[in-house]
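Okay, so here's the structure we're looking at.
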Amino acid sequence: MVSTQRKFISIKLYGQEHMILLPTRLGFPLITRPFAQCQSLSIYRQLALGTRVIDIRVQEDRRVCHGILVTYSRDVVIEDVKKFLSETQSEIIILEVRTEFGHDDPPEFDKYLEEQLGEFLIHQDDHVFGKTISELLPKRVICVWKPSKSPQPKAGSSLWSAGFLKDNWINTDLPSTKFDGNLKHLSEQPPVASRKYFYRVENTVTPVADNPVLCVKPVTRRIHGYARLFIAQCFAKGYADRIQVFSTDFIDEDFVDACVGLTHARVEGKA
């Protein structure tokens, strides 16, 4: 349940101090939200649309956050995941939960995740990568817990450690730089069938300080249209057997359709 506790902050406008009520959901529409919001759909709607890997950041009080944007309770995420699982039978979800940069870990957050998702959790085990979905069922959630200071989950535990979900983050607002960098890093990965971790390619660019456009959504629009081209280049260069997790900000139907097409190609032995 979303907390209804009312909080205020003080800001100065034109030399006068004003008290502003903090919203309970997604920050200030014209202040924090444009600079940190990366999705416009709920977790449930993203899953229903076709998302299967969810990146969640949390802070000390267990609220979901991203940079300066602080949103709802972590319970909202868990309930959306459970709702989706209750309405499907064989969908596997990778839930990545990490402590946001610059924050301390929420107390005993690993225990919370285990208590809430226990019946669905696929335990950390290298052999999982050699199994089919039918062999994993009824377990359906791989939960990767990435604390900032607390110990990483151990082998065999119900949660997975950070090394099982890797990426190469490229901090840029230039689509061509990100595109070429993603191809380069992907080319250095072994094929999906021979590695024991998930590798993420991010079809995202990020606002940078020396650019006048600092809001996430308009910068994101620069690269959205290159998702299909990236997949096509993976085939052309012989990397199609290496791409596994493909992510984006502000996910839409076209991006999901491109990923589904790649999945079908792999099922048919074309990737």
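- Figure legend: cation-pi geometry between R195 and Y197, with NZ or CZ positioned under 6.0 Å from the six-membered ring centre and within 45° of its axis.
- Considering every non-hydrogen atom in both D104 and K149, the closest pair reads OD1-NZ, 3.0 Å.
- Distance alone, capped at 3.5 Å, places no donor-acceptor pair between the R62 side chain and the D75 backbone.
- A single hydrophobic cluster is not seen to contain both V144 and F246; linkage of ILVMFWY side chains at heavy-atom distances under 4.5 Å, directly or through other members, places them apart.
- A side-chain donor from one of H127 and D125 sits under 3.5 Å from a side-chain acceptor of the other.
- Between the side chain of D105 and the main chain of S150, a donor-acceptor pair closer than 3.5 Å is present.
- The side-chain heavy atoms of K178 and T204, taken from C-beta on, include a pair separated by under 4.5 Å.
- Here the closest non-hydrogen pair linking I54 and Q46 is CD1-OE1, 4.2 Å.
- Closest non-hydrogen pair, I243 versus C234, comes out as CD1-SG, 4.2 Å.
- Taking the side chain as every heavy atom from C-beta outward, W145 and L95 never approach each other to under 4.5 Å.
- A distance of 10.0 Å separates SG in C143 from CD1 in I56, rounded to the nearest 0.5 Å.
- Judged by distance alone, with hydrogens and angles left aside, the side-chain atoms of D249 form no donor-acceptor pair with the main-chain N or O of K217 at under 3.5 Å.
- Judged by distance alone, the side chain of R52 and the main-chain N or O of L47 form a donor-acceptor pair under 3.5 Å.
- N203 places no side-chain N or O within donor-acceptor distance of the main-chain N or O of T248, the cut-off being under 3.5 Å.
- Put simply, F164 and L113 are part of two different groups of oily side chains (I, L, V, M, F, W, Y) that touch within less than 4.5 Å, one to the next.
- Between K82 and F120 the shortest heavy-atom distance is CG-CE1, 4.5 Å.
- Residues F250 and R221 have side chains not in contact (no heavy-atom distance under 4.5 Å, counting atoms from C-beta outward).
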Step by step, would you call Q116 with R74 a side-chain hydrogen bond (donor to acceptor under 3.5 Å, both in side chains)? CA-CA 11 Å; Q116 294 296 316; R74 82 289 194 221; over 6 Å; no
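- When each of V97, D61, T99 is checked for a side-chain contact (heavy atoms from CB on, under 4.5 Å) with P106, only T99 meets the rule.
- Under a 3.5 Å cut-off, the side chain of R200 and the backbone N or O of V245 do not form any donor-acceptor pair.
- Atom CG of L262 and atom CG of D257 lie 11.5 Å apart (nearest 0.5 Å).
- The side-chain heavy atoms of E188 and N168, taken from C-beta on, include no pair separated by under 4.5 Å.
- When the shell of 6.0 Å around CD of E135 is examined, it contains more than 12 heavy atoms from other residues, nucleotides or ligands.
- Note on I122: it clusters hydrophobically with L137, by side-chain heavy-atom contacts below 4.5 Å among ILVMFWY residues.
- Listed here is the closest heavy atom pair of P191 and R242: CA-CG, 4.0 Å.
- Looking at D80 and S42, their side chains come closer than 4.5 Å, going by heavy atoms from C-beta outward.
- Without hydrogens or angle criteria, Q244 side chain to Y199 main chain gives a donor-acceptor distance under 3.5 Å.
- Note that CZ of R57 is 5.0 Å distant from CD of E100, once rounded to the nearest 0.5 Å.
- Judged purely by atom type and a 3.5 angstrom limit, R140 uses its side chain to pair as donor or acceptor with the backbone of L85.
- Interatomic distance, CD1 of I94 versus CD1 of I142, reported as 5.0 Å (0.5 Å rounding).
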Criterion side chain to side chain contact (heavy atoms under 4.5 Å, CB included) on H224 and D254, from CA distance to verdict: CA-CA 9 Å; H224 255 192; D254 187 70; over 6 Å; no
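- Although no hydrogens or angles enter the test, the distance criterion places a donor-acceptor pair under 3.5 Å between the side chain of T263 and the main chain of C259.
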As a quick check of understanding, evaluate side chain to side chain contact (heavy atoms under 4.5 Å, CB included) for S247 and V53, giving each step before the final call. CA-CA 8 Å; S247 70; V53 180; over 6 Å; no
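- Inter-residue side-chain proximity for E253 and L49 is flagged as met; some heavy-atom pair is nearer than 4.5 Å.
- A donor-acceptor contact shorter than 3.5 Å links the side chain of Q152 to the backbone of A162.
- The structure places NZ of K184 at 11.0 Å from CG of D180, a figure rounded to the nearest 0.5 Å.
- When the shell of 6.0 Å around NE2 of H264 is examined, it contains 12 or fewer heavy atoms from other residues, nucleotides or ligands.
- Atom CG of N182 and atom CD1 of I223 lie 6.5 Å apart (nearest 0.5 Å).
- No more than 12 heavy atoms of other residues, nucleotides or ligands sit less than 6.0 Å from atom NZ of K237.
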Using the rule given for ring pair (Phe, Tyr, Trp, His ring centres under 6.0 Å), can you reason through F129 versus F198, listing the C-alpha separation, both sets of side-chain angles and the distance that settles it, and then say yes or no? CA-CA 9 Å; F129 296 96; F198 299 99; 5.1 Å; yes
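- Note: the hydrophobic cluster containing L136 also contains W160 (ILVMFWY, side chain heavy atoms under 4.5 Å, direct or indirect links).
- A perpendicular orientation is assigned to the rings of F179 and Y226, their planes being inclined by more than 60° (bins at 30° and 60°).
- With contacts defined as side-chain heavy-atom distances shorter than 4.5 Å, the pair V77/V58 does not qualify.
- When every heavy atom of S148 is checked against every heavy atom of H103, the shortest pair comes out as OG-O, 3.3 Å.
- Side-chain contact between Q124 and P153 is present, with heavy atoms from C-beta onward closer than 4.5 Å.
- Put simply, L174 and L229 are part of two different groups of oily side chains (I, L, V, M, F, W, Y) that touch within less than 4.5 Å, one to the next.
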